[in-house]
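Below is one structure, written out as C-alpha cells; the observations come after it.
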Number of protein chains: 2
Amino acid sequence: MPENLAPTPYRPFEHALPTQVWSGPGSSFQLQKNPILQKAQRVVLITDAGLQKTENYSPLLESLGEKCAWVESEVSADSDVHLVNAMASRIRKDNIDTLVALGGGSVMDTAKAVAVVVQKGGSIEDHVGFKRIGEPLMPLICIPTTAGTGSECTQFAVIKNHQDNKKLIFVDDALCPAGAILDPKWITSVPKHTQKLTGVDALTHAVEAIAAKTCNPIGEALALRAANMIVSQRALLNLLEDDNDIHAAEQMLLAANLAGQAISTCMLGACHAMAHALGALHGIPHGQANGICLATVMKLNQEKAQTAYAQLGTVLGGTGDAPTLAQYAIERVSWFIHEEVGIPTTLSEVGIEPSHVNALADEALSDMDLLTNPVRIKTHEEMAALFKQLL
Amino acid sequence: MPENLAPTPYRPFEHALPTQVWSGPGSSFQLQKNPILQKAQRVVLITDAGLQKTENYSPLLESLGEKCAWVESEVSADSDVHLVNAMASRIRKDNIDTLVALGGGSVMDTAKAVAVVVQKGGSIEDHVGFKRIGEPLMPLICIPTTAGTGSECTQFAVIKNHQDNKKLIFVDDALCPAGAILDPKWITSVPKHTQKLTGVDALTHAVEAIAAKTCNPIGEALALRAANMIVSQRALLNLLEDDNDIHAAEQMLLAANLAGQAISTCMLGACHAMAHALGALHGIPHGQANGICLATVMKLNQEKAQTAYAQLGTVLGGTGDAPTLAQYAIERVSWFIHEEVGIPTTLSEVGIEPSHVNALADEALSDMDLLTNPVRIKTHEEMAALFKQLL
C-alpha cells in the first residue's frame, strides 16, 4: 500500500454551479429540445463569421428554428466595448429574451457582456469589476467551439477597450451562463495551432486552480480530473494527432470545462498574471504564454503548494511521499507542455528581449490573478526575476 | 513517465449543482450572514432531540435569531410519512418561508419531503417517484451532522412508511437544497460507530458513482477526489483515531459531500441495491451493509468498469496499466474497509443465513440502483449468487 498523503487544508469557501451542462456529440444540434430554449420566445445567436462557414453551422441554426430572430456574427478575436454596447441596444429594442453564444472565449464573453448591458443599462464600462452586477441576467446558452477557457461555466468575462488597449475584467456569479452545451463536433475542425494553445490554457487553468490560495475541494476535484484527462489520458495529444478522434475532442472539451469550473471557484495564479502581461504588451497568444511560464511558476510555488502539487502528481501517475510527488508533477507538466505538445521553453523564442522585462513586470504586478498565487510576489524585482529566468 | 490511461467513454449527460455550498469550521454559527437566510422572514429549524443536547446547538440557534419561528425536533431515525405530513401542515398554516435542517440523512430527507408537501399539497405519498415534483420548493438549508449521505447536495429523498415497512423514494432536481453548510464542528462529536458506518457509506457512494453506467465526468471528478480523501488522505481513520482532529472531520464532511454530489448526477449500483435489501429485511445498518458488499460487487464489475476502476486505482496511489490499476483499486478499497476500518467481510457475521438469501435476492432485484450498475444483473439466480458469495 502506498504512502498516505497529508490532508489538504482548505479555507472556508462558497461554491455553486448555477450553469446547467449538457454534453455529447451532436448535442448542439438539438436546441429545440433544450429546456431553457423551450421557454424562449425570441433568440439571438452570437457567433463569428468563420464558424458560419463550417458544416456544423446549419444543423445548429436549423435546430434553433423560428425562434432565432437574427444572427450576430461580427464578433472579433478580442471583443470590443462598442460592439457590446451596440449589440445590447439592438437586443433590447427587439425584445429578445434569450441569447445563444457559439464560439470561443471571445464570443462567449461578448455574449455575457451583452447580457449585462441589456439587464443593467448604460455602457459595459459602467459594470467593470468584482461583484458589481448582483442580479440575474437574461438566459444565455454557451456552445464552446474551442477546448480552452471554459468560459461557458465561469463567472468571468473579459472585454477589450481597443481605443486605449485595456482589458476590462468582470467577475460576478451572474456571469455564469444559464446553460452550456459541450458538443465535441465543434472541436475537431479547429486548426491544430489553436487546439494546441487552447489545450495548454486549459491545463494551466487546472494547475493554477489547485495551487491557488483560494482553492476549494470542489474546484480542486474538477481541476485534478481535468489535468488527468489532458495529460495522462492523452486527450490533447490524441486530438492533435487525429482530427477524426471525436472521443479525444470530447475529453478535451470536458477537461477544459472542468478546469473552467475550477478557476471560476478557486481562481488563478502568477502564470496567468505573466501571460496577461505578455499578451497585452507583445500580443503573445494566451495559451502560448501560459505554456512558456507554467513550469517556472510551479517551481516558484513548489514548497508552498506542495500538498496541492502532490495531489496533482498522484493523478498524473506518480507515487511516493508528498515532496516526491510534487516534484514529479512539475516535471510531468513541463515534459508534457514542452516535449509532447511542443511549446517553446523560453520567452526569447517568441521575441521577448531583456529590455522588455521591466514593463512586463510592472504590468504583471498589477494583475488580479497574482493575489491568489500561493507564493506572494510583492516587488517589481521578484516579478522581473521570474521573467528573466524565462529569457 | 507512467503508462497512459485510455480515455473514459461517457454517455451524453446533463449536470448542474443548484445548491450553494458554504464550508468551514464554525460556518453553521453564522446563519445571520447567510444570503438565503437574509431573505427569509420566518424559519423553522428541523432537527432531532439528540442534537439539541450538544454544545454546538445553542450558538447555531442563536445565530438564527428571531427569524426562527419554532424548532421541530421529533425526527426519528427513519422519517415517517405521518410526521412529514403533519409538519408540512403546520408550516403552511404558520406562513413559514424557509427551512433549516440540522442532522443526518433522515433529518435532511424529512425536511426535503416537508418542502415537497408544502409546495405541492396532498400527502407526501402522492409525490413518490422519479421527476414527479418539477417546480421549485421553498428554500431549504441543510447542515449535515454526519459525514455520510451527502443528502445536503443530492436530488434524492427517502421517507419510510412505517405502517407497511416500505421506503418511499423521491428523485427530482427540485430536491437539491438551496444551500448546504458544511461545518466540521458537528462531525467530531458523532459516536465512533456512526462515524465509521457513515464514512464507509460515503466511500461506497464514490466507488459506485464512478462505475455507474450513467457516470459523467463532473460527478466522476468529485467521486475520485472523495475516495482519495477518505482512503489515501486517511480522513476517516484520522477522525476515528482522534475526536479533536477538526481537520479530519472537515475532510470527511467534504468527501461525503463530493460523493453525494457524485451520486446525485451519476447514480449508484448493485452494492446499494444489496444494502437496501439487507436494511429492509434484516435491519443491517446501511453503511455496514455497503461495507460488507462493496468489494464483492467491484469484483463482479471489474471487467466492465475497468476504465473507471483504473482511475480510482490512480487516485488511490496505484500505478501500471488499466487492468493492474483496476485490480489495485479493488484490493485497496477492500483492505481499507475490512482491515483498516474493521467492517466484517461476511454477511454471516451480521446474522444472515443461507435461508435468507432468496428473499434478499428478490428484494434487491427490484431496486432502482441495479439499473445503473455496470454489469446487468438480470436473474434471481445471479443476485442470489452474489449474496451466497458473501455468507
Side-chain angles (χ1 to χ4, degrees), chain A residues 1-27 35 179 182 216-218 220-226 228-229 231-235 237-238 247-248 250-251 254-255 257-258 261 311 314-319 331-332 335-336 340, chain B residues 1-27 35 179 182 216-218 220-226 228-229 231-235 237-238 245 247-248 250-251 254-255 257-258 261 311 314-319 331-332 335-336:
Chain A
M1 296 297 146
E3 196 104 17
N4 289 305
L5 290 178
T8 318
Y10 297 107
R11 294 184 175 198
F13 72 88
E14 186 181 329
H15 178 84
L17 171 61
T19 308
Q20 268 188 288
V21 181
W22 293 272
S23 164
S27 51
L182 307 180
N216 74 55
I218 302 178
E220 180 202 53
L222 302 172
L224 287 169
R225 185 71 180 102
N228 173 281
M229 283 179 174
V231 179
S232 299
Q233 291 195 318
R234 289 179 59 88
L237 300 177
N238 288 344
H247 196 65
E250 184 171 34
Q251 288 279 115
L254 291 168
N257 178 260
L258 298 182
Q261 289 186 46
Q311 286 297 329
T314 302
V315 302
L316 298 183
T319 49
E331 285 166 15
R332 184 74 185 93
W335 176 266
F336 177 78
E340 297 186 307
Chain B
M1 295 298 145
E3 195 103 17
N4 290 305
L5 289 180
T8 317
Y10 297 107
R11 296 184 174 197
F13 72 88
E14 187 182 329
H15 178 85
L17 171 60
T19 307
Q20 268 187 288
V21 181
W22 294 271
S23 165
S27 52
L182 308 180
N216 74 55
I218 302 179
E220 180 201 54
L222 302 173
L224 288 169
R225 185 70 181 102
N228 173 281
M229 282 180 175
V231 179
S232 298
Q233 291 195 318
R234 290 179 59 88
L237 300 178
N238 287 343
D245 191 341
H247 196 66
E250 185 171 34
Q251 288 279 113
L254 291 167
N257 179 260
L258 298 180
Q261 289 186 46
Q311 286 296 331
T314 302
V315 302
L316 297 184
T319 49
E331 285 167 16
R332 184 73 185 94
W335 176 265
F336 176 78

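Every chain is numbered from 1 and lettered A, B, ... according to where its sequence line falls, protein lines coming before strand lines.
With rounding to the nearest 0.5 Å, the separation of CG in B:Leu224 from CG in A:Leu224 is 9.5 Å.
With a threshold of 4.5 angstrom between heavy atoms, B:Ser27 does not approach chain A through any atom at all. Using a 4.5 Å cut-off between heavy atoms, B:Leu254 contacts chain A through its side chain alone, with no backbone atom that close. Heavy atoms of A:Ile218 lying under 4.5 Å from chain B belong to its backbone as well as its side chain. When heavy atoms are compared at a cutoff of 4.5 Å, B:Leu222 approaches chain A by way of both its backbone and its side chain.
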*Test side-chain contact (heavy atoms from CB on, under 4.5 Å) on A:Leu17 and B:His15 and set out the steps.*
CA-CA 9 Å; A:Leu17 171 61; B:His15 178 85; 3.6 Å; yes
*Can A:Arg225 and B:Arg225 be said to form a side-chain contact (heavy atoms from CB on, under 4.5 Å), step by step?*
CA-CA 9 Å; A:Arg225 185 71 180 102; B:Arg225 185 70 181 102; over 6 Å; no
